[in-house]
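Below you'll find the structure, written out as structure tokens, and then a few comments.
Chain identifiers are assigned alphabetically (A, B, ...) following the order of the sequence lines, protein sequences preceding nucleic acid strands; residue numbering begins at 1 within each chain.
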Amino acid sequence: MGGWTVEQGRAAALPVENIDTDQLIPARFMSTPRSEGYGPFLLYDLGHDADGRPDPNFPLNRAEAQGASILVTRRNFGAGSSREAAVYALVDAGFRVVISPSFGDIFSSNAVNNGLLPARLGPEEVETLLSACPAELHVDLDALTISGPGGTHAFELDPVWRQKLINGWDDVDLTLAHGPEIAAFEATRRTVAPWMWPA
Amino acid sequence: MTATGNRSSERRRNGPRNDAYDQTDRKMTAKMSPRTTLDKLWDSHQILQRADGASLLWVDRHFVHEGSHHAFARIAEKGMAVRHPELTFGVADHYVPTSGAPATDDIARMIRTLSENTARHDIRLFGTDDPRQGIVHVVGPELGLTLPGLLIVCGDSHTATHGALGAYAFGIGATEVAHVLATQTIWQKKPKRMRLAVEGTLMDGVSAKDIALNWIARLGADGGRGHAIEYAGSAIEALSVEGRLTLCNLSIEGGARSGMVAPDQKTLDWIKGRDFAPEGADWDRAAEAFLSLAPDDGAEYDTEAVLDAAEIAPIVTWGTSPEEALPITATLPDPSRAGSEAQAKRIAASLDYMGLGAGRPLDGTPVDQIFIGSCTNGRIEDLRNAAAVLKGRLAIVPGMISPGSAQVKAQAEQEGLDRIFIEAGLDWVGSGCSMCVGMNGDLVAPGKRCASTTNRNFRGRQGKGARTHLMSPAMAAAAAVTGTITDVRPLLKGRA
């Protein structure tokens, strides 16, 4: 996964609360190998009618949303399951940033692990951005700012996640560098709490 | 309920500690500031802390299931081995057929892939033909694999369930599953500490499910965001271990990373003698350590909330988020009375999806079917509670009852509960995630309304266009015999 610092792109508005992971990708698509691409599954049931035809009124199906890399949406985005497939669907559909007043906890971790920024802004600022869409936005991970037609907003992001997005770190390699500390910890744990190892 | 929002703790942190420091130097421990259960679990699993605040934590148990195929593919790409297969356990649950219909090719492939991945890495599997198979969050505690003081992860959001025994347990995504497979560790930032106390006595017919939906309705589906919840208070102490498992299971539906109950004698009695529980002298040492996980007197929390148990009525969701829940005695919300345009839009959209009218009473809403089961409410006590309502009565809508594990199924049959369900006209099926998530093909048809003991009423969760109402097993049983969402309490009068 490559890191990034600035995303300049089109923002699409999805003015809905509680977009959960089951909506981001319905369960029936999840046995698909990732190599086939998850983009077409994104918000499938919200964006299609009962016969599988795209609903032209669904915000992400409109012409102005095509090619968007930034999604602006209401509170509690990504609540629900731990399915990383919800993030794959967003990333494979071309998104690099989601802006919302709040995010599902596991979704946020999964997003950062895939280079997708979950940027938190206050509810009023999100409403401002929603009314400004479609718009070109400039997202800066160094400055932690989102700039667009309505001005510049400072967003919240855990500093650990910020570094990870910028560096595109692979945690496994980082962790393996701590091999001796892990081994020492394990040895102690086996001594003080041997019952932790199942029989 | 009163909540003190995000009060920052003034307690000075003592910096990174490791297990040796924590558990071998009792004098030092005694001098430390009072700690919460989360503090104790965190300190005893922290291998190191980076300058940026990220901690590397040791993982004691890692559960994998069919959905873990992305993570296995990832370590295969890197040519990596599973670091500690003896601490990793596979359980087939998400895709397992439960209603007797044969698996489709796709479903069979998912189950086969789990078998192949676990066999390749020498991981113990509780597969479809194992008498200990079941839903991972039922099986772990049931087998004594889940113990107090453990750090437990699984690529499933309901992993918080295991916290009911005093473990620090949380769900993770595929990238993190791959990381745990490869290293037996995980990078985390410490969550905020929340104490959610429930004081007093629950009314008859009110259960752990009602406590959970009650707090989520009050604080919101993101009300616990960034927190690990410690459930406490006299009503939690009085809950059975099964009830505590239900309560902790739903922590994620309120946005929390995890939920926990400090181990007490009830916890110990429940665990002792289970297949993988410590034995003999090990048990004595372990039991002492388990009880020491209770929060210290004076331990401080970042957020505290208190619920009055006596005020909790049976509660049912009406919308498409677990926060959209109301007591059975309430009327449905009216978008025209909402506090904001966004809220009005959300309420209107939820009512529309659910096919419900604004301002109508919730009680009396007709249902098409019921489902009892899942990692939330598929345990023996849940089945007993449903049976207490169903005994000698006939269901007037179809329904499926799926025990949370093969062991729960065997026990229910030993107690004769299966006969009560079958005589009521309901389907008694196999164990698995089943109709909670519909991955195994057991789906609610579009537009159909299901009274369900599961954990998510999301749009399309139980099938495209399905309308899910979350409630307790007793309430789902009441829906079966009346064909409507209704108050179970009158139906329990004169029954045990």
Side-chain angles (χ1 to χ4, degrees), chain A residues 15-18 20-23 26-28 30-31 33-34 45-46 50 74-76 79-85 87-88 101-107 109-110 113-114 123 127 158-161 163 171-172 174-176 178 181-182 184-186 188-189 191-199, chain B residues 18-20 23-24 47-48 52-54 56 58 60 67 70 78 86-87 106 109-110 145 147 149-150 155-157 171-176 178-179 182-183 185 187 189 221-222 225-226 255-257 276 278 282 285-286 289 320-321 342 346 349 437-439 446 456 458-461 464-465:
Chain A
V16 184
E17 293 185 24
N18 291 328
D20 55 67
T21 50
D22 285 65
Q23 292 179 75
R28 64 182 182 277
M30 286 168 50
S31 57
R34 173 73 188 281
D45 288 344
L46 279 186
R74 289 190 172 131
R75 63 175 273 274
N76 203 28
S81 100
S82 64
R83 57 183 74 168
E84 199 158 299
V87 172
Y88 301 159
S102 61
F103 291 93
D105 183 66
I106 309 174
F107 173 86
S109 307
N110 291 342
N113 280 326
N114 287 276
E127 291 303 318
D158 182 302
V160 175
W161 286 355
Q163 278 312 309
D171 278 349
V172 172
L174 276 182
T175 305
L176 292 176
H178 291 293
E181 290 123 299
I182 298 170
F185 182 94
E186 184 189 330
T188 306
R189 191 151 184 77
T191 314
V192 298
W195 62 83
M196 298 288 183
W197 265 260
Chain B
N18 65 29
D19 203 44
Q23 298 199 18
T24 57
I47 299 164
L48 59 95
D52 63 9
L56 187 64
W58 174 258
D60 296 300
H70 287 295
K78 287 175 157 261
E86 82 283 12
L87 300 179
D106 223 23
R109 179 173 52 79
M110 291 296 283
L145 286 168
L147 297 172
L150 301 192
D156 187 274
S157 56
I172 56 177
T175 303
E176 292 171 317
H179 185 277
T183 69
T185 66
W187 291 100
K189 194 163 177 192
D222 51 2
R225 182 169 52 82
R257 164 145 300 192
F276 291 90
D282 262 355
R285 281 179 71 192
T320 58
S321 162
R346 172 176 60 75
V437 68
M439 288 177 175
R456 293 198 170 124
F458 295 166
R459 284 165 184 263
R461 168 77 174 183
K464 192 174 175 179

Any side-chain donor paired with an acceptor under 3.5 Å for A:S31 and B:D106? yes
Side chains of B:R459 and A:D22: closer than 4.5 Å at any heavy-atom pair? no
Which region of B:R346, side chain (C-beta onward) or backbone (N, CA, C, O), has a non-hydrogen atom less than 4.5 Å from a non-hydrogen atom of chain A, or is it both or neither? side chain
Heavy-atom cut-off 4.5 Å, strictly under: side chain, backbone, both or neither for A:N76 against chain B? both
With a 4.5 angstrom heavy-atom cut-off, which part of B:I172 approaches chain A: side chain, backbone, both or neither? backbone
Is there a side-chain contact between B:S321 and A:D20 (heavy atoms, below 4.5 Å)? no
Given the options A:V16, A:N18, A:T175, A:N110, which has more heavy-atom pairs under 4.5 Å with chain B than any of the others? A:T175
Do the side chains of A:N113 and B:H179 get nearer than 4.5 Å, heavy atoms only? no
Between B:A174, B:A54, B:G171, B:A349, the one whose heavy-atom pairs under 4.5 Å with chain A are most numerous: B:A174
Heaviest contributor of heavy-atom pairs below 4.5 Å to chain B, chosen from A:V87, A:T191, A:D171, A:L46, is A:D171
Is there a side-chain contact between B:I47 and A:H178 (heavy atoms, below 4.5 Å)? no
Taking it one step at a time, do B:T175 and A:N114 satisfy side-chain contact (heavy atoms from CB on, under 4.5 Å)? CA-CA 8 Å; B:T175 303; A:N114 287 276; 4.0 Å; yes
Pick one of side chain, backbone, both or neither for A:R74, based on which atoms fall under 4.5 Å of a heavy atom in chain B. side chain
Any side-chain heavy-atom pair from A:R28 and B:K464 closer than 4.5 angstrom? yes
Answer with side chain, backbone, both or neither: which region of A:A50 has an atom nearer than 4.5 Å to a non-hydrogen atom of chain B? backbone
Lys/Arg-Asp/Glu bridge criterion (N-O < 4.0 Å) met for B:D60, A:R189: yes
Is the shortest heavy-atom distance from the side chain of B:L87 to the side chain of A:M196 under 4.5 Å? no
At a heavy-atom distance under 4.5 Å, which candidate from B:T320, B:D52, B:L145, B:L147 has the highest pair count against chain A? B:D52
OG1 (B:T185) and CD1 (A:I182) are apart, to the nearest 0.5 Å, by 4.5 Å
Would you mind checking which part of A:P123 comes under 4.5 Å of any heavy atom in chain B, side chain (CB onward), backbone (N, CA, C, O), both or neither? neither
When heavy-atom pairs shorter than 4.5 Å are enumerated against chain B, which of A:S81, A:P26, A:A27, A:A79 gives the highest number? A:S81
Distance only, no hydrogens: is a donor on one side chain within 3.5 Å (strictly under) of an acceptor on the other, for A:E186 and B:W58? no
Looking at chain A, which one of B:K189, B:M110, B:M439 has the largest number of heavy-atom pairs inside 4.5 Å, strictly under? B:K189
Against chain B, label A:E17 side chain, backbone, both or neither, depending on which of its atoms sit under 4.5 Å from a heavy atom there. side chain
Go through the atoms of B:R109 and report whether side chain, backbone, both or neither lie under 4.5 Å from a heavy atom of chain A. side chain
In Å, rounded to the nearest 0.5 Å, how long is the span from CG of A:L174 to CG of B:L56? 10.0 Å
In terms of relative ring orientation, are A:Y88 and B:H70 parallel, tilted or perpendicular, with 30° and 60° separating the classes? perpendicular
A:E84 to B:G173 - nearest heavy-atom pair and separation: OE1-C, 3.3 Å
Identify whether the distance between the nearest side-chain nitrogen and carboxylate oxygen of B:D222 and A:R75 falls below 4.0 Å. yes
Is any NZ, NE, NH1 or NH2 atom of the basic residue among A:D105 and B:R225 found under 4.0 Å from an Asp or Glu carboxylate oxygen of the other? no
Picking from A:A85, A:A184, A:G104, A:P194, which has the most non-hydrogen pairs under 4.5 angstrom with chain B? A:P194
Minimum heavy-atom separation for A:G80 to B:S157, with atom names? O-CB, 3.6 Å
Considering only heavy atoms and a distance below 4.5 Å, find which of B:G255, B:P278, B:A286 pairs most often with chain A. B:A286
